[in-house]
A.B. asks: 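Before I ask anything, here is the structure I am working with.
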Amino acid sequence: AIGTKLGASDTANLHPDLLGQSRQQIIQIDTEPLNIGWTMPVSVGIVAHAQRALIALSVQSTRAPFDGVRQVQAARSRLGYFTRAMGSSAGQFSARDAVGLLSKHLPSGSIATCDAGENRLFMLRDFQCRGTTSVLQPNGGGGMGYAVPAAISAALNTDTLQAVAVCGDGGFSMTMHALMTAIEAQARLLVVVLDNNILGWVYNGQRERIIASELYPFDYAAIARAMGCHAVATDDPAVFEAELKSALTQPGVTVLVAKTTRTDRYQDVMSGLHSHDIYAVPQQP
């Protein structure tokens with residue numbers, strides 16, 4: 001366990017099918033001594049910088065007959081990539097289908113960043129890292145607004161073929177001003193906004209008790225264009241796919257706003273190990 005406090009969201013509430021002291025040895029690496037064994041007992045605690053600790057451990061692991069790279073390659077060759085049927089149509093655009101289209105067309109070697117909130121769960125469930133593509137995501141409740149600044153950093157400080165930020169309309173509202181920085185720095189950036197006029201995680205967690213989780217229908221594409229971005233908003237998956245393929249060949253900053261429905265919920269993509277939804281208002285009997 002590297003750089004994680006092993007909190008409830010990381011361990012499916014310490015589900016015994018995932019973690020078990022009787023059959024596992026947990027090695028926890030963290031730069032903060034207080035995090036070692038903070039939320040659950042660990043067999044070995046290592047206080048160190050993650051990179052240096054992994055290099056030291058890799059020297060020791062050469063004694064063991066384990067080739068993780070080859071095992072992953074063999075599994076990928078045998079199993080391939082998962083497929084999920086898309087059911088969107090014009091006016092009924094699924095946020096999960098928007099993520100699926102991004103996964104389909106994003107070239108190998110890209111870096112995708114996702115925000116906190118419901119969009120992050122769709123990315124972690126439906127986006128597939130093909131080739132050497134990477135996904136960066138925040139954890140915990142404080143990562144709202146992470147996607148756009150992180151993608152700008154990836155565009156400016158790495159040799160990635162394509163930096164793309166995926167965020168909801170709530171997260172985009174918090175950090176859309178960062179697009180001005182991207183333009184000033186001449187970054188090549190794609191931003192995909194999943195816009196359903198709600199704070200999805202909050203809204204769907206409130207169930208029938210909706211309080212201050214619906215958003216005004218701002219025209220985010222018009223705002224982005226006013227800043228100097230190329231920007232398109234659409235509720236048609238065919239138009240979104242065409243604009244996405246075009247954006248991957250363009251310089252500068254492009255913002256694609258997917259006007260999505262509210263039918264996708266974070267509860268639908270949670271791990272089956274979650275016996276109940278700890279994030280939501282309890283179900284009424």
A.B. asks: Backbone N or O of Ile111 within a donor-acceptor pair of the Ser134 side chain at under 3.5 Å?
C.D. replies: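 A pair under 3.5 Å: no.
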
A.B. asks: For Leu6, which fellow cluster members are found when Ile, Leu, Val, Met, Phe, Trp and Tyr are connected by side-chain heavy-atom distances below 4.5 angstrom, either directly or through intermediates?
C.D. replies: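 Via sub-4.5 Å side-chain contacts, Leu6 links to Leu14, Leu18, Leu19, Ile26, Ile36, Met40, Val42, Val47, Leu273.
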
A.B. asks: Checking the side chain of Gln162 only, and the main-chain atoms of Leu106 only, is there a donor and an acceptor separated by less than 3.5 Å?
C.D. replies: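 Not a single qualifying donor-acceptor pair exists.
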
A.B. asks: Going from CG on Asp235 to CZ on Phe240, what distance comes out if it is rounded to the nearest 0.5 angstrom?
C.D. replies: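 If I round to the nearest 0.5 Å, the distance is 12.0 Å.
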
A.B. asks: Find out whether Met174 and Met144 are in side-chain contact, i.e. whether some heavy atom of one side chain is under 4.5 Å from a heavy atom of the other.
C.D. replies: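 Met174 reaches Met144 side chain to side chain.
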
A.B. asks: Which residue pairs satisfy the ring pair (Phe, Tyr, Trp, His ring centres under 6.0 Å) criterion with at least one member in residues 149-182, sequence neighbours excluded?
C.D. replies: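 Output for this query lists Phe172-Tyr220.
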
A.B. asks: Using distance only, find each side-chain donor-acceptor pair of residues 245-258 under 3.5 Å and give its atom names and separation, not counting sequence neighbours.
C.D. replies:
unit_1, atom_1, unit_2, atom_2, d
Ser246, OG, Gln250, NE2, 3.0
Thr249, OG1, Ser246, O, 2.7

A.B. asks: Compare all side-chain heavy atoms of Tyr146 with those of Leu136 and state whether any distance is below 4.5 angstrom.
C.D. replies: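 Counting from C-beta outward, Tyr146 and Leu136 do come under 4.5 Å.
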
A.B. asks: Just wondering, do Ile198 and Ser213 contact through their side chains at under 4.5 Å, heavy atoms?
C.D. replies: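 SC-SC contact between Ser213 and Ile198 ruled out.
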
A.B. asks: With sequence neighbours left out, write down each residue that passes side-chain contact (heavy atoms from CB on, under 4.5 Å) with Ser89, or none if nothing qualifies.
C.D. replies: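 Testing Ser89 for side-chain contact (heavy atoms from CB on, under 4.5 Å), a comparison that skips the adjacent residues, returns Gln92.
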
A.B. asks: Rounded to the nearest 0.5 Å, what separates atom CD1 in Ile29 from atom CD1 in Ile46?
C.D. replies: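 That separation rounds to 4.5 Å.
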
A.B. asks: Donor-acceptor pair, Arg76 side chain versus Gly80 backbone, under 3.5 Å?
C.D. replies: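 Yes, Arg76 side chain to Gly80 backbone: donor-acceptor pair under 3.5 Å.
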
A.B. asks: On a heavy-atom basis, which atom in Ala48 and which in Ala53 lie closest, and how many Å separate them?
C.D. replies: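 Heavy atoms only, the tightest pair is CB-CB, 4.0 Å.
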
A.B. asks: On a heavy-atom basis, which atom in Ala147 and which in Cys167 lie closest, and how many Å separate them?
C.D. replies: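 Closest approach of Ala147 to Cys167, heavy atoms only: CB-CB, 4.3 Å.
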
A.B. asks: Once you round to the nearest 0.5 Å, how far does CE of Met176 lie from CE of Met227?
C.D. replies: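 Here the interatomic distance stands at 6.0 Å.
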
A.B. asks: Checking Tyr203 now: which residues fulfil ring pair (Phe, Tyr, Trp, His ring centres under 6.0 Å) with it, not counting sequence neighbours?
C.D. replies: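 By the ring pair (Phe, Tyr, Trp, His ring centres under 6.0 Å) rule, Tyr203 matches no residue at all.
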
A.B. asks: Please list all pairs meeting ring pair (Phe, Tyr, Trp, His ring centres under 6.0 Å) that have one or both residues in residues 8-36, counting only residues at least two apart or in different chains.
C.D. replies: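 For residues 8-36: none.
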
A.B. asks: According to a hydrophobic-cluster definition based on side-chain heavy atoms being under 4.5 Å apart (Ile, Leu, Val, Met, Phe, Trp, Tyr only), do Met86 and Met123 belong together?
C.D. replies: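 Yes, Met86 connects to Met123 through the hydrophobic network.
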
A.B. asks: Apply side-chain contact (heavy atoms from CB on, under 4.5 Å) to Ser88 and list each qualifying residue two or more places apart in sequence or on a separate chain.
C.D. replies: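 Scan of Ser88 (side-chain contact (heavy atoms from CB on, under 4.5 Å), adjacent residues dropped) gives Phe93, Ser94, Asp97, Pro237.
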
A.B. asks: Checking one residue: Leu79. Which other hydrophobic residues are in its cluster under the side-chain 4.5 Å linking rule?
C.D. replies: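 In the cluster with Leu79 there is nothing else; it is isolated.
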
A.B. asks: Same cluster or not: Leu156 versus Leu179, using hydrophobic residues (I, L, V, M, F, W, Y) connected whenever any side-chain heavy atoms lie under 4.5 Å apart?
C.D. replies: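 Hydrophobic grouping puts Leu156 with Leu179.
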
A.B. asks: Tell me whether the count of non-hydrogen atoms from other residues, nucleotides or ligands lying under 6.0 Å of CD in Glu214 goes above 12.
C.D. replies: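 Count over threshold, so yes.
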
A.B. asks: Heavy-atom count check: over 12 atoms from other residues, nucleotides or ligands less than 6.0 Å from Gln51 CD?
C.D. replies: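 Result for CD/Gln51: open.
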
A.B. asks: Counting N and O atoms only, with roles assigned by atom type, does the side chain of Arg96 sit under 3.5 Å from a partner on the main chain of Phe122, one being a donor and the other an acceptor?
C.D. replies: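 Not at all, since once roles are kept as given, no pair shorter than 3.5 Å links the two residues.
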
A.B. asks: Let me see the working for Thr261 and Thr263 under side chain to side chain donor-acceptor pair (under 3.5 Å), right down to the final yes or no.
C.D. replies: CA-CA 6 Å; Thr261 69; Thr263 55; 2.7 Å; yes

A.B. asks: For Val135, is there any backbone N or O sitting under 3.5 Å from a side-chain donor or acceptor partner on Thr113?
C.D. replies: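 Flag not set: sc Thr113 to bb Val135 has no pair under 3.5 Å.
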
A.B. asks: Working to the nearest 0.5 Å, report the span between CZ of Arg120 and CG of Leu194.
C.D. replies: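 Spacing of CZ (Arg120) from CG (Leu194) equals 14.0 Å.
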
A.B. asks: Any idea which heavy atoms bring Phe127 and Ala112 closest together, and the distance?
C.D. replies: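 So the two residues come closest at CZ-CB, 4.4 Å.
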
A.B. asks: Flag the pair Val148 / Ile152 as yes when at least one side-chain heavy-atom distance between them is below 4.5 Å, and no otherwise.
C.D. replies: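 Yes - at least one pair of side-chain heavy atoms lies under 4.5 Å apart.
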
A.B. asks: Could you check if a side-chain atom of Glu243 sits within less than 4.5 angstrom of a side-chain atom of Val239, using non-hydrogen atoms only?
C.D. replies: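 Contact flag for Glu243/Val239 side chains = yes.
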
A.B. asks: State, to 0.1 Å, how close Phe82 and Arg125 come at their nearest heavy-atom pair, and which atoms those are.
C.D. replies: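 Reported closest heavy-atom pair: CZ-O, 3.4 Å.
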
A.B. asks: What pairs of residues pass the salt bridge (charged side-chain N to carboxylate O under 4.0 Å, His left out) test when at least one of them lies in residues 267-281, not counting sequence neighbours?
C.D. replies: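 Salt bridge (charged side-chain N to carboxylate O under 4.0 Å, His left out) check on residues 267-281 returns Arg265-Asp268.
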
A.B. asks: Restricting to non-hydrogen atoms, name the atom on Gly145 and the atom on Thr175 that form the minimum distance, rounded to 0.1 Å.
C.D. replies: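 That would be O-CG2, 3.2 Å.
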
A.B. asks: Any salt bridge (charged side-chain N to carboxylate O under 4.0 Å, His left out) pairs touching residues 101-119, not counting sequence neighbours?
C.D. replies: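 Output for this query lists Lys104-Glu241.
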
A.B. asks: Is the number of heavy atoms from other residues, nucleotides or ligands under 6.0 Å of Tyr216 OH greater than 12?
C.D. replies: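 No, OH of Tyr216 has 12 or fewer neighbouring heavy atoms, counting only those of other groups under 6.0 Å.
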
A.B. asks: Is the count of non-hydrogen atoms from other residues, nucleotides or ligands lying under 6.0 Å from Gln71 atom CD greater than 12?
C.D. replies: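 For Gln71, atom CD is crowded (more than 12 foreign heavy atoms under 6.0 Å).
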
A.B. asks: To the nearest 0.5 Å, what is the distance between OG on Ser103 and CG on Asp126?
C.D. replies: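 So the OG of Ser103 and the CG of Asp126 are separated by 8.5 Å.
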
A.B. asks: Where the side chain of Thr133 meets the backbone of Arg130, is there a donor-acceptor pair that is under 3.5 Å apart?
C.D. replies: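 Looks like yes, one N/O pair under 3.5 Å.
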
A.B. asks: Restricting to non-hydrogen atoms, name the atom on Ala151 and the atom on Leu189 that form the minimum distance, rounded to 0.1 Å.
C.D. replies: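 Minimum heavy-atom contact is CB-CD1, 3.4 Å.
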
A.B. asks: Do any N or O atoms from the side chain of Gln25 and from the backbone of Val44 form a donor-acceptor pair under 3.5 angstrom?
C.D. replies: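 No, Gln25 side chain to Val44 backbone: no donor-acceptor pair under 3.5 Å.
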
A.B. asks: To the nearest 0.5 Å, what is the distance between CZ (Arg262) and CG (Asn204)?
C.D. replies: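 Going from the CZ atom of Arg262 to the CG atom of Asn204 covers 9.5 Å.
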
A.B. asks: Residues in side-chain contact (heavy atoms from CB on, under 4.5 Å) with Glu32, at least two apart?
C.D. replies: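 For Glu32, the residues satisfying side-chain contact (heavy atoms from CB on, under 4.5 Å) (neighbours in sequence not counted) are Asp30, Leu34, Asn35.
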
A.B. asks: When Ile, Leu, Val, Met, Phe, Trp and Tyr are grouped by side-chain heavy atoms lying under 4.5 Å apart, directly or through other members, which residues fall in the same group as Ile55?
C.D. replies: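 Result for Ile55 is none, singleton.
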
A.B. asks: Check for me, please, whether Val164 and Leu244 land in the same ILVMFWY cluster - side-chain distances under 4.5 Å, paths through other members count.
C.D. replies: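 In one cluster: yes.
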
A.B. asks: State yes or no: do Ile223 and Ile183 share one hydrophobic cluster built from I, L, V, M, F, W and Y residues joined by side-chain heavy-atom distances below 4.5 Å, directly or via other members?
C.D. replies: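 In one cluster with Ile223: Ile183, yes.
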
A.B. asks: Between Arg188 (side chain) and Ala155 (backbone), is there a donor-acceptor pair under 3.5 Å?
C.D. replies: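 Not a single qualifying donor-acceptor pair exists.
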
A.B. asks: Do Val193 and Leu124 share a hydrophobic cluster (ILVMFWY, side-chain heavy atoms under 4.5 Å, transitive)?
C.D. replies: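 In one cluster with Val193: Leu124, no.
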
A.B. asks: Using a 6.0 Å cut-off, check whether atom CZ of Arg23 has over 12 heavy atoms from anything other than its own residue.
C.D. replies: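 More than 12 within 6.0 Å, yes.
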
